[in-house]
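In what follows, a structure is listed as C-alpha cells, so that the remarks can point back to it.
Each residue takes its place number in the sequence, starting with 1.
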Amino acid sequence: MSRRVVVTGMGAVTPIGIGVKEFWDGIRAEKIGFAPIQAFDASAYRCKLAAEIKGFEAEKYMDKKAARRMEPFCQYAVAAAGEALADAGLDMEKEDPYRVGCFVGSGIGSLQAMEREYARLTEKGPSRVSPMFVPLMISNMAAGNVSIMFGLKGKSLNVVTACATGTNSIGEAFRAIQYGELDACVAGGSEGAVTPMGIAGFTALTALSDSEDPARCSIPFDKDRSGFVMGEGAGIVVLEELEHATKRGAHIYAEVLGYGCSSDAFHITSPAEDGAGAAKAMTNAMEDGGVKPEDVTYINAHGTATHHNDLFETRAIKLAFKEHAGNLRINSTKSMIGHLLGAAGAVEFIACVKEVQEGFIHRTVGLMESEGEMDLNYCRESYSEKVPYALSNSLGFGGHNASILIGR
C-alpha cells in the first residue's frame with residue numbers, strides 16, 4: 001500500500017545564508033551570493049566569480065577531530081542534517097534506527113582532496129599520499145558521515161546523477177518511505193567544488209559565465225545569459241510517513257506528492273533539444289501525484305543560465321503543459337545562489353517548500369529580457385499568492401531528468 005510522505009525538518013548551508021532562516025530571508029530580500037573567488041587565486045582564469053559559503057565554521061556543528069576527517073562537502077552535509085533533524089524534533093533515542101534512512105548525495109565528492117594528494121604524489125612520491133585520501137574524497141562519504149554522526153541505521157544511499165543528485169536523493173527517499181522500507185529519511189545533497197580543477201573543468205566546457213559583474217553573472221532565461229556560476233553548500237530535509245509524523249506531533253511543512261524521472265539518452269552534457277525527456281519527468285511527477293497539469297501554477301526550474309538549458313527546458317515545459325504553460329509562474333533560485341551541482345535540487349526543494357508554506361514566489365533576480373521561444377513568465381517580479389503545488393526540476397549531465405511535486 002502506498003503511504004503518504006511529508007516534510008518535517010529542513011536544513012541548509014547556502015551562499016546567501018547558513019541555516020534555513022538565513023537562506024529564506026536572503027531569498028525574500030533578493031540577496032545574491034556572487035563575488036570574486038576566495039578559495040584560490042583565480043586571476044588567470046576566465047571565470048572569476050563564484051557563489052561561495054561565507055563564515056562557515058565546522059566546529060560549530062561537530063567536534064574538531066570529526067571536522068578534520070571531513071572535506072567541505074561532508075561538513076556542509078553534517079551541518080545541514082543536524083539542523084534538519086533538530087527542526088524535525090526527531091529523537092533517535094526514541095526511534096528504531098533501522099527504520100530511519102540516509103539518502104545524501106554529492107555529484108563530485110572532494111576535488112580538494114584530489115588536488116592536494118595529487119600534488120603530494122608528484123612532488124614527494126606515492127608513499128606520502130595520505131591514508132585518509134580515499135575516505136575523504138569519495139562522494140558517498142556525505143551520507144556515511146551523516147549516518148554515523150546521527151545514528152541513522154536504515155537504508156543509506158549516495159545517489160550521483162550530476163546536477164539532478166539532490167532531487168533524485170529526495171525522490172528516492174520519498175519512494176522508500178512510500179513503499180514501507182523506511183518510516184523516516186534524512187535526504188538531500190551537498191557539494192563543495194569551487195577549486196582550481198572544478199572551475200577550470202567547467203570553464204573548458206564553456207558552461208560557466210565569464211561575467212565579472214555579480215549582478216549580471218547568473219541570469220537564467222535572460223537573452224544575455226552566458227553560463228552558470230558555481231555555487232557550493234548543502235540542502236537536507238527530513239521526510240516522514242504521515243502517520244509516523246502525526247503520532248509524535250511533528251510540525252508538517254508540506255507533503256511530497258509525486259516524483260518523476262527520465263533519461264534523455266541524447267548527449268553527455270546537453271539536454272535533449274526538443275525537451276521531451278524533461279517533459280516526461282514533469283508529467284511522470286504529476287501523474288504520480290494525481291495532479292492535472294492545469295492545477296499546477298508554479299515551477300522552480302533547473303534554470304542554469306546556460307544557452308541550451310534555458311531554451312530546452314522552456315520547450316520541455318511547453319511540451320508538458322501545452323497551452324497552460326503560459327499561465328505558469330517559473331523561477332530559478334540559481335539567480336541568487338548559483339548552481340550548487342549535487343546540492344542544487346535539494347536547496348531548491350527547500351525553497352519550494354517555503355514558497356508553498358508562505359504563499360510567496362520569488363523573482364528570478366537579474367532577469368531583464370528574454371528572447372525568441374523563451375516567452376513564458378519567468379518571474380521578473382515576485383508574487384504573493386497561494387501556491388497549492390510546486391514542481392521542482394533538476395536536469396543533470398548525462399541526461400538525468402528529475403522532478404518532484406510538493407503540495408500544501
Side-chain angles (χ1 to χ4, degrees), residues 7-39 49-62 67 72-89 104 142 146 149 166 170 186-192 194 214-215 217-218 229-238 251 253-254 300 331-366 382 384 387 390 392 406:
V7 183
T8 58
M10 302 191 293
V13 176
T14 80
I16 59 170
I18 296 170
V20 171
K21 185 183 186 304
E22 266 194 34
F23 164 64
W24 183 243
D25 287 348
I27 290 287
R28 294 203 69 134
E30 300 180 0
K31 183 179 178 182
I32 56 172
F34 313 115
I37 293 169
Q38 300 298 303
L49 301 183
E52 293 173 280
I53 301 299
K54 295 100 179 160
F56 179 82
E57 296 175 34
E59 292 79 10
K60 287 184 178 179
Y61 310 97
M62 65 206 81
F73 81 103
C74 287
Q75 294 176 350
Y76 301 154
V78 167
E83 182 189 9
L85 282 162
D87 185 37
V104 179
V146 169
M149 188 69 67
I170 295 170
V186 174
S190 187
E191 207 77 82
V194 181
C217 58
S218 181
V229 177
M230 182 91 84
E232 58 180 0
I236 304 288
V237 296
V238 175
H251 170 74
Y253 284 104
N300 188 295
N331 66 5
S332 174
T333 307
K334 293 180 180 72
S335 65
M336 287 177 267
I337 63 171
H339 193 346
L340 274 57
L341 308 180
V347 174
E348 289 156 15
F349 178 93
I350 291 169
C352 286
V353 169
K354 294 297 289 183
E355 286 170 305
V356 167
Q357 184 193 25
E358 296 194 7
F360 174 81
I361 298 172
H362 73 72
R363 85 177 180 100
T364 301
V365 176
S382 59
S384 292
V387 185
S392 183
I406 304 161

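- Note on ring orientation: taking the six-membered ring where Trp is involved, the planes of Phe56 and Tyr61 are parallel (angle under 30°, cut-offs 30° and 60°).
- Glu355 has its side chain within reach of Trp24: a pair of non-hydrogen atoms, C-beta onward, lies under 4.5 Å apart.
- A distance of 7.5 Å separates CD1 of Ile18 from NZ of Lys60, quoted to the nearest 0.5 Å.
- A donor-acceptor distance shorter than 3.5 angstrom exists from the side chain of Ser190 to the backbone of Phe73, with no hydrogens or angles considered.
- Among all heavy-atom pairs drawn from Ala39 and Val194, the shortest one is CB-O, 3.6 Å.
- The list of side-chain hydrogen bond (donor to acceptor under 3.5 Å, both in side chains) pairs with a residue in residues 11-20, not counting sequence neighbours, is empty.
- Aromatic ring centroids of Tyr253 and His251 lie under 6.0 Å apart.
- Taking the side chain as every heavy atom from C-beta outward, Ile53 and Pro15 approach each other to under 4.5 Å.
- Taking the side chain as every heavy atom from C-beta outward, Glu232 and Glu52 approach each other to under 4.5 Å.
- The closest donor-acceptor contact from the side chain of Glu358 to the backbone of Lys354 lies at 3.5 Å or more, if one exists at all.
- Judged by distance alone, the side chain of Gln75 and the main-chain N or O of Ala67 form a donor-acceptor pair under 3.5 Å.
- Every side-chain contact (heavy atoms from CB on, under 4.5 Å) that Ser218 has, sequence neighbours left out, goes to Phe34, Pro220, Val229.
- Here the closest non-hydrogen pair linking Ile236 and Ala77 is CG1-O, 3.9 Å.
- For Ile32 against Ser335, the heavy-atom pair with the smallest separation is CG2-O, 3.8 Å.
- In this structure, CZ on Arg363 lies 14.5 Å from CD1 on Ile361, to the nearest 0.5 angstrom.
- Within a 6.0 Å sphere centred on NZ of Lys21, heavy atoms belonging to other residues, nucleotides or ligands number 12 at most.
- Side chain of Glu348 to main chain of Ser392: no donor-acceptor pair is present (N/O by atom type, distance under 3.5 Å, no hydrogens or angles).
- Side chain of Glu30 to backbone of Arg28: no donor-acceptor contact under 3.5 angstrom is found.
- Residues Ala12 and Val20 share a closest heavy-atom pair of N-CG2, 3.8 Å.
- For the pair His362/Asn300, a side-chain contact is recorded, criterion being any heavy-atom separation below 4.5 Å from C-beta on.
- Between Asp87 and Val238 the shortest side-chain heavy-atom distance does not fall below 4.5 Å.
- Judged by distance alone, with hydrogens and angles left aside, the side-chain atoms of Glu191 form no donor-acceptor pair with the main-chain N or O of Gly231 at under 3.5 Å.
- Here the closest non-hydrogen pair linking Ser332 and Thr364 is N-OG1, 3.2 Å.
- Remark: Ile27 CD1 to Asn331 CG distance equals 8.5 Å, nearest 0.5 Å.
- The two atoms that bring Ile350 and Gly235 nearest to each other are CD1-CA, 4.0 Å, heavy atoms only.
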